[in-house]
Protein chains: 2
Amino acid sequence: MKLSTKGRYGVMAMFDLALHYGQGPISLKSVAQRQGISEHYLEQLMGVLRKAGYVKSIRGAQGGYTLTRDPAQITVGEIVRIMEGPIAPVDCLLAASKNNEYCNRAQTCVTRGVWAKVRDSITAVVDSITLADLCKEDQIKE
Amino acid sequence: MKLSTKGRYGVMAMFDLALHYGQGPISLKSVAQRQGISEHYLEQLMGVLRKAGYVKSIRGAQGGYTLTRDPAQITVGEIVRIMEGPIAPVDCLLAASKNNEYCNRAQTCVTRGVWAKVRDSITAVVDSITLADLCKEDQIKE
DNA sequence: AAGAAAACCGATTGTTTTAGTCGGAATAGC
DNA sequence: GCTATTCCGACTAAAACAATCGGTTTTCTT
């Protein structure tokens with residue numbers, strides 16, 4: 001039940017961009033330094049976010065990344081799904097799963113119900129928190 | 001955010017034992033067949049559960065495993081923790097974590113708060129469901 | 001007493017995921 | 001033209017995962 005660094009760093013980077021929202025492009029170098037992440041690795045992750053339309057990049061000197069939407073319009077859940085794929089503690093919860101024969105066992109499905117509840121409780125949390133919420137919390141802390 | 005087969009199979013096996021609670025020792029062979037798990041692999045997992053005191057084993061022919069407690073006294077959360085270790089989407093939530101320097105960053109801790117909420121919502125679910133609950137559900141389904 | 005059914009144990013293995021690194025090409029500001 | 005930056009694809013070391021294998025011990029049944 002661990003989040004990989006993809007999801008974790010993804011949220012950290014997006015939070016960092018949210019903190020600097022409206023201040024022009026932010027370089028990965030600065031994000032990586034502030035958040036303590038390998039710059040090259042972060043590069044890969046930002047590529048994913050860019051292709052998903054969540055960030056915009058400006059190349060060249062003084063370039064960097066900016067959010068394409070207001071921080072209040074981006075939830076942690078969206079970022080996690082982009083970075084890690086659908087939120088599901090077990091594969092048989094995925095609609096596209098082909099192991100139906102397996103999941104049709106009545107007994108299996110009882111335990112499956114547990115994992116569905118777990119998934120729902122996770123999504124309820126991450127989908128209710130926006131980057132703007134995190135920024136607000138950050139201000140209070142300082 | 002995936003559960004490994006350890007946790008999944010562990011809950012399945014314990015649920016199977018719960019269904020047969022009070023009927024004497026249940027062989028791994030039968031559990032493995034009903035649940036569709038490799039018997040040898042399940043053996044390893046049951047060793048963990050046995051050492052943790054959750055099941056009792058009887059060796060020799062007609063031997064097998066039984067729960068050491070009533071199904072109503074065993075939660076899914078307990079089983080998951082035994083099989084997978086502490087429930088924590090990120091390592092910095094663990095008390096024994098030594099990367100405190102890392103976690104002391106104010107910004108990091110904002111995102112950390114998110115993962116703490118995720119953890120709490122997961123534990124609320126798994127700690128509230130007992131094996132007896134699953135057995136009850138199973139009866140309704142049939 | 002023999003045979004079979006089971007738990008027990010430790011080593012090994014193939015695959016996948018993770019968490020990066022590396023080297024360079026393209027682009028844009030100064 | 002220099003430098004800062006994004007962009008891209010290949011590569012890799014290490015760990016985790018999900019078993020498998022081979023054998024030992026124990027106990028029930030006949």
Side-chain angles (χ1 to χ4, degrees), chain A residues 1-13 17 20 24-33 35-52 54-68 80 83-85 89-92 99 102, chain B residues 1-13 16-17 20 23-52 54-68 80 83-85 88-92 99 102:
Chain A
M1 294 294 283
K2 283 279 187 301
L3 206 68
S4 77
T5 53
K6 282 179 203 166
R8 200 152 54 86
Y9 291 177
V11 172
M12 283 165 81
L17 292 184
H20 300 91
I26 308 297
S27 76
L28 276 198
K29 192 176 183 176
S30 66
V31 174
Q33 271 171 2
Q35 305 296 331
I37 304 173
S38 150
E39 187 187 341
H40 252 81
Y41 186 41
L42 188 55
E43 218 169 54
Q44 288 178 36
L45 307 185
M46 294 310 285
V48 177
L49 260 350
R50 182 173 47 82
K51 280 164 196 158
Y54 279 78
V55 296
K56 193 175 58 181
S57 65
I58 291 103
R59 297 179 72 163
Q62 264 57 48
Y65 289 85
T66 55
L67 300 181
T68 55
V80 170
M83 301 311 295
E84 311 231 337
V90 300
D91 279 333
C92 70
N99 45 1
Y102 178 72
Chain B
M1 295 294 283
K2 284 277 186 302
L3 207 68
S4 77
T5 53
K6 282 178 202 165
R8 201 153 54 86
Y9 292 177
V11 172
M12 283 164 82
D16 194 293
L17 293 184
H20 300 91
Q23 303 175 15
I26 307 297
S27 76
L28 275 198
K29 192 176 183 175
S30 67
V31 174
Q33 271 171 4
R34 274 190 297 268
Q35 305 295 331
I37 303 173
S38 149
E39 186 186 343
H40 252 82
Y41 186 41
L42 188 55
E43 217 170 56
Q44 287 178 37
L45 307 185
M46 294 309 285
V48 177
L49 259 352
R50 180 172 49 81
K51 280 163 195 157
Y54 278 78
V55 295
K56 193 175 58 181
S57 65
I58 292 103
R59 297 180 71 161
Q62 264 57 49
Y65 289 85
T66 56
L67 299 181
T68 54
V80 170
M83 301 311 297
E84 312 231 335
V90 300
D91 279 334
C92 69
N99 46 1
Y102 177 73

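Within every chain, numbering begins at 1; the chains are lettered A, B, ... in the order of the sequence lines, protein sequences first and strands thereafter.
For Ile37(B) and dT20(D), the CD1 to P distance is 12 Å, given to the nearest whole Å. What separates CG of Asp91(B) from P of dT18(C) is a distance of 14 Å, to the nearest Å. Distance Lys2(B) NZ to dT16(C) C1': 14 Å, rounded to the nearest Å. Atom CE in Met1(A) sits roughly 18 Å away from atom C1' in dT17(C) (whole-Å rounding). In this structure, CG of Leu42(B) is placed 9 Å from P of dA7(C), rounded to the nearest angstrom. Rounded to whole Å, atom P of dT6(D) lies 9 Å from atom CE of Met46(A). Taking atom CD1 on Ile58(B) and atom P on dT29(D), their separation rounds to 13 Å, with Å as the unit. To the nearest angstrom, P of dA6(C) lies 6 Å from NZ of Lys29(B).
The distance from the CD atom of Gln35(B) to the CG atom of Leu28(B) is 11.5 Å, given to the nearest 0.5 Å. Between atom CD of residue Gln23(B) and atom CG of residue Leu17(B) there is a gap of 10.5 Å, rounded to the nearest 0.5 Å. For the atom pair OH of Tyr54(B) and OG1 of Thr68(B), the computed distance is 8.0 Å after rounding to the nearest 0.5 Å. Note: Arg8(A) CZ to Ile37(A) CD1 = 8.0 Å, rounded to the nearest 0.5 Å.
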With 3.5 Å as the limit, what N/O pairs link the protein to nucleotides 22-26 of chain D?
from, atom 1, to, atom 2, distance (Å)
dG22(D), O6, His40(B), NE2, 3.0
dT25(D), O2, Arg59(B), NH2, 2.8
dT26(D), O2, Gly60(B), N, 3.4

Find every protein N or O atom lying less than 3.5 Å from an N or O atom of nucleotides 12-19 of chain D, and list the pairs.
from, atom 1, to, atom 2, distance (Å)
dA18(D), OP2, Thr5(B), N, 2.9
dA18(D), OP2, Thr5(B), OG1, 2.8
dA18(D), O5', Thr5(B), OG1, 3.4
dA19(D), OP2, Tyr9(B), OH, 3.0
dA19(D), N7, Gln44(B), NE2, 3.4

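When heavy atoms are screened at a 4.0 angstrom cut-off, Gly47(A) is found touching no nucleic acid atom at all.
Of the candidate nucleotides dC30(C), dC7(D), dA7(C), dC7(D) has the atom lying nearest to any side-chain atom of Arg50(A).
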- Query: Which is it for Leu3(A) and Met83(A) under the side-chain contact (heavy atoms from CB on, under 4.5 Å) test, yes or no, and what are the steps along the way?
  - Reply: CA-CA 10 Å; Leu3(A) 206 68; Met83(A) 301 311 295; over 6 Å; no
- Item | Derivation and outcome, side chain to side chain donor-acceptor pair (under 3.5 Å), residues Ser27(A) and Tyr65(A) | CA-CA 6 Å; Ser27(A) 76; Tyr65(A) 289 85; over 6 Å; no
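Donor-acceptor pairing under 3.5 Å is recorded for the side chains of Arg34(B) and Ser30(B). A side-chain N or O of Tyr41(A) and one of Thr5(A) form a donor-acceptor pair less than 3.5 Å apart.
Here Lys56(A) pairs with nothing under the salt bridge (Lys or Arg N to Asp or Glu O under 4.0 Å) rule; sequence neighbours left out.
Checking Gln62(B) against Glu39(A), the closest nucleotide of DNA chain C that is more toward the 5' end is the one next to Gln62(B).
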